[in-house]
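Comments concern the structure below.
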Amino acid sequence: MRIRLESVPVADQDHALRFYTETLGFVKKQDIPMGPGARFLTVVSPEEPDGTELMLEPNGEHPPTKAYKEALYAEGIPQTAFEVDDCRAEHQRLLGLGVEFRSEPVDAGTAVMATFDDTCGNLIMMYEVKSAD
């Protein structure tokens, strides 16, 4: 069993695609029409083009999904997490692009992590795994 697809709920796929590609630096992988106003739309890391895909799922306004997203957001719980090589450097890069953070990078023992707003109603955690030495 392998994880090949993860999703984040979004209300506006075009807006989400711009944020996830132009700001975060992901690359569009799939864009398949799925009926009126919806697409099977995924992005991947340019470092792992055949790795796990992130689906920008067009259900951010579906009432149960909207309630779930709002509850997670209000509690400060990230929808998902992305690994980075240097959390503090990535934090500075994203700040320079106007990304709003819920937290500054925090040393959590074996990792450094920070949480940001994806402009689509989701909080996303980024984390750096610290070396054992």
Side-chain angles (χ1 to χ4, degrees):
M1 190 175 298
R2 290 171 292 287
I3 298 172
R4 290 285 182 219
L5 182 67
E6 169 67 34
S7 68
V8 292
V10 301
D12 181 332
Q13 288 183 300
D14 290 325
H15 173 82
L17 182 61
R18 280 189 303 277
F19 179 81
Y20 280 84
T21 57
E22 295 172 14
T23 303
L24 297 186
F26 291 115
V27 176
K28 181 169 64 171
K29 173 99 179 200
Q30 297 190 61
D31 191 351
I32 303 167
M34 299 296 289
R39 298 150 34 206
F40 183 85
L41 179 62
T42 67
V43 296
V44 294
S45 167
E47 298 168 29
E48 296 180 332
D50 295 321
T52 302
E53 295 176 56
L54 179 68
M55 180 169 54
L56 305 176
E57 190 166 2
N59 65 4
E61 294 302 314
H62 179 252
T65 302
K66 187 175 180 181
Y68 175 72
K69 279 178 58 172
E70 288 173 354
L72 286 180
Y73 193 92
E75 293 292 321
I77 300 171
Q79 185 73 240
T80 193
F82 303 141
E83 184 178 3
V84 296
D85 292 330
D86 184 332
C87 189
R88 288 179 177 87
E90 190 66 9
H91 173 258
Q92 288 302 308
R93 182 185 81 79
L94 293 177
L95 277 176
L97 293 171
V99 173
E100 292 185 26
F101 278 81
R102 177 67 66 99
S103 67
E104 300 290 317
V106 174
D107 190 320
T110 59
V112 177
M113 57 187 80
T115 302
F116 63 88
D117 186 319
D118 77 347
T119 75
C120 300
N122 304 297
L123 294 176
I124 306 295
M125 177 186 290
M126 64 177 186
Y127 67 95
E128 165 194 349
V129 177
K130 292 168 46 178
S131 62
D133 46 337

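With rounding to the nearest 0.5 angstrom, the CD atom of Glu6 is 7.5 Å from the CD atom of Gln79. Between the CG atom in Leu5 and the OG1 atom in Thr52 there is a gap of 8.5 Å [rounded to 0.5 Å]. Interatomic distance, CG of Asp31 versus NZ of Lys28, reported as 4.5 Å (0.5 Å rounding). Annotation: the span from Cys120 atom SG to Tyr73 atom OH amounts to 11.0 Å, rounded to 0.5 Å. Distance check, rounded to the nearest 0.5 Å: CG of Leu123 to CD of Glu100 gives 11.0 Å. We find the CD1-CG distance between Ile32 and Leu41 to be 9.5 Å, quoted to the nearest 0.5 Å.
Proximity of a side-chain donor or acceptor of His15 to a complementary backbone N or O of Thr119 within less than 3.5 Å is detected. Remark: side-chain polar atoms of Lys130 are paired, donor with acceptor, to backbone N or O of Gly109 under 3.5 angstrom. Counting only distance, with no hydrogens or angles, the side chain of Glu57 and the backbone of Pro9 share no donor-acceptor pair below 3.5 Å. Without hydrogens or angle criteria, Thr80 side chain to Val8 main chain gives no donor-acceptor distance under 3.5 Å. Panel note: side chain Ser103, backbone Thr115; a donor-acceptor pair is recorded below 3.5 Å.
A single hydrophobic cluster is seen to contain both Leu24 and Val84, as judged by linkage of ILVMFWY side chains at heavy-atom distances under 4.5 Å, directly or through other members. One hydrophobic cluster, built from ILVMFWY side chains closer than 4.5 Å, holds both Ile77 and Tyr68. Val43 is connected to Val10 through a chain of hydrophobic side-chain contacts under 4.5 Å among Ile, Leu, Val, Met, Phe, Trp and Tyr, so both are in one cluster. Linking Ile, Leu, Val, Met, Phe, Trp and Tyr residues whenever their side-chain heavy atoms come within less than 4.5 Å places Met55 and Met34 in a single cluster.
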**Q.** side-chain contact (heavy atoms from CB on, under 4.5 Å) between Leu56 and Thr42, worked out
**A.** CA-CA 6 Å; Leu56 305 176; Thr42 67; over 6 Å; no
(Q) Evaluate Met113 against Met126 for side-chain contact (heavy atoms from CB on, under 4.5 Å), listing each step before the verdict. (A) CA-CA 6 Å; Met113 57 187 80; Met126 64 177 186; over 6 Å; no
Q | Trace of the side-chain contact (heavy atoms from CB on, under 4.5 Å) decision for Leu94 with Phe101 | A | CA-CA 9 Å; Leu94 293 177; Phe101 278 81; 3.9 Å; yes
Q. Would Arg102 and Phe116 satisfy side-chain contact (heavy atoms from CB on, under 4.5 Å), going step by step from the backbone distance to the final call?
A. CA-CA 5 Å; Arg102 177 67 66 99; Phe116 63 88; over 6 Å; no
Q | CA sep, side-chain torsions, deciding dist, call: Arg39, Asp14, salt bridge (charged side-chain N to carboxylate O under 4.0 Å, His left out) | A | CA-CA 10 Å; Arg39 298 150 34 206; Asp14 290 325; 2.7 Å; yes
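With sequence neighbours excluded, the residues forming a salt bridge (charged side-chain N to carboxylate O under 4.0 Å, His left out) with Arg93 are Glu90, listed by chain and number. Residues passing the salt bridge (charged side-chain N to carboxylate O under 4.0 Å, His left out) test with Asp86, sequence neighbours excluded: none.
Aromatic pair Phe26/Phe19: centroids not less than 6.0 angstrom apart.
Among Gln30, Lys29, Arg4, the single residue meeting the side-chain hydrogen bond (donor to acceptor under 3.5 Å, both in side chains) criterion with Glu53 is Gln30.
The two residues Gly51 and Val44 have their closest heavy-atom pair at O-CG1, 4.3 Å. Among all heavy-atom pairs drawn from Ala114 and Cys87, the shortest one is N-SG, 3.9 Å. The two residues Lys69 and Gly121 come nearest to each other via the heavy atoms CE-O, 3.6 Å. Across all their heavy atoms, Thr23 and Val99 have their closest contact at CG2-CG2, 3.4 Å.
Using a 30° and 60° split on the angle between ring planes, Tyr20 and Phe82 fall in the perpendicular class, above 60°.
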